[in-house]
Amino acid sequence: MRSIAASIGILLLGTAASAGEAPSVPFPDGFRDWHHVKTTVILPGHPMHAFVGGIDHTYANAPAMQGYASGIFPDGSILVYDTIDAHEADHAIDEGKRKVLGVMVKDSKRY
């Protein structure tokens with residue numbers, strides 16, 4: 001099975017290299033009202049902890065949800081990765097400041 005990243009397109013964290021210019025990716029307002037796909041807590045010891053360690057929420061718009069169901073992500077699919085610092089205290093993990101807001105867009109004409 002192909003990875004979601006390979007199926008949907010390119011991960012953009014503000015900028016991406018494309019023929020020497022960074023394509024513009026609009027910030028998806030209201031993404032926290034989209035389908036919440038999953039939450040992962042990336043703990044110390046994970047190879048990506050320094051970059052995306054913390055609480056990672058994944059949100060998908062309606063076209064991306066079609067892609068999860070069929071395995072083929074149509075143009076217009078958008079995934080948002082909202083990574084928040086994690087703080088542990090009193091046997092609980094709580095959210096802190098945002099670390100990374102990643103947007104993945106499927107647009108076969110642009111990327």
Side-chain angles (χ1 to χ4, degrees):
M1 175 178 249
R2 293 173 57 189
S3 73
I4 292 171
S7 297
I8 196 169
I10 185 169
L11 178 64
L12 299 169
L13 300 174
T15 62
S18 176
E21 294 184 22
S24 174
V25 176
F27 183 81
D29 287 328
F31 69 87
R32 284 191 174 223
D33 293 328
W34 295 356
H35 185 87
H36 177 255
V37 176
K38 71 176 185 169
T39 295
T40 303
V41 178
I42 301 173
L43 300 172
H46 187 281
M48 293 296 292
H49 183 266
F51 179 62
V52 292
I55 303 168
D56 182 51
H57 302 290
T58 303
Y59 298 92
N61 68 356
M65 290 307 298
Q66 293 172 7
Y68 275 109
S70 70
I72 300 171
F73 288 81
D75 278 358
S77 296
I78 303 173
L79 298 177
V80 174
Y81 300 96
D82 192 9
T83 302
I84 312 294
D85 266 333
H87 300 285
E88 187 174 351
D90 298 325
H91 304 288
I93 296 174
D94 197 11
E95 293 185 347
K97 293 182 179 180
R98 175 174 284 137
K99 290 179 74 174
V100 176
L101 184 63
V103 180
M104 196 175 341
V105 177
K106 173 71 181 274
D107 184 342
S108 60
K109 294 177 184 168
R110 293 180 63 197
Y111 313 110

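No hydrogens, no waters, no symmetry mates; every other heavy atom, side chains included, goes into these values.
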field: Single-linkage hydrophobic cluster, 4.5 Å side-chain cutoff, Met104 and Val37 together
entry: yes
N/O donor to acceptor pairs below 3.5 angstrom from side-chain atoms of residues 90-97, sequence neighbours left out:
{"from": "Glu95", "atom 1": "OE2", "to": "His57", "atom 2": "NE2", "distance (Å)": "2.5"}

field: Least distance between heavy atoms, Asp75 atom then Ser108 atom
entry: OD2-OG, 2.8 Å
statement: When rounded to the nearest 0.5 Å, the distance separating CG of Asp82 from CG of Asp56 is 8.0 Å
task: Quick one: list whatever passes side-chain contact (heavy atoms from CB on, under 4.5 Å) with Lys38, sequence neighbours left out.
output: Thr40, Thr58
message: Hydrophobic clusters here meaning ILVMFWY residues chained together by side-chain heavy-atom distances under 4.5 Å, can you tell me if Val80 and Ile84 are in one?
response: no
message: Could you measure the distance from the CG atom of Leu101 to the CZ atom of Phe31? Nearest 0.5 Å is fine.
response: 5.0 Å
query: Any chain of hydrophobic side-chain contacts (each under 4.5 Å) joining Ile55 to Leu43?
result: yes
message: Among residues at least two apart in sequence or on other chains, which ones pass side-chain contact (heavy atoms from CB on, under 4.5 Å) with Gln66?
response: Pro74
statement: Closest non-hydrogen atoms of Ala60 and Tyr68, given as atom of the first, atom of the second and distance, are CB-CE1, 4.0 Å
- request: Compare all side-chain heavy atoms of Pro28 with those of Tyr59 and state whether any distance is below 4.5 angstrom.
  value: no
- request: Please check if the side chain of His46 supplies one atom and the backbone of Met48 the other of a donor-acceptor pair under 3.5 Å.
  value: yes
Lys106 NZ to Asn61 CG distance, which is reported to the nearest 0.5 Å: 12.5 Å
message: Using side chain to side chain contact (heavy atoms under 4.5 Å, CB included), reason through Ile78 and Trp34 one step at a time and then give a plain yes or no.
response: CA-CA 10 Å; Ile78 303 173; Trp34 295 356; 3.7 Å; yes
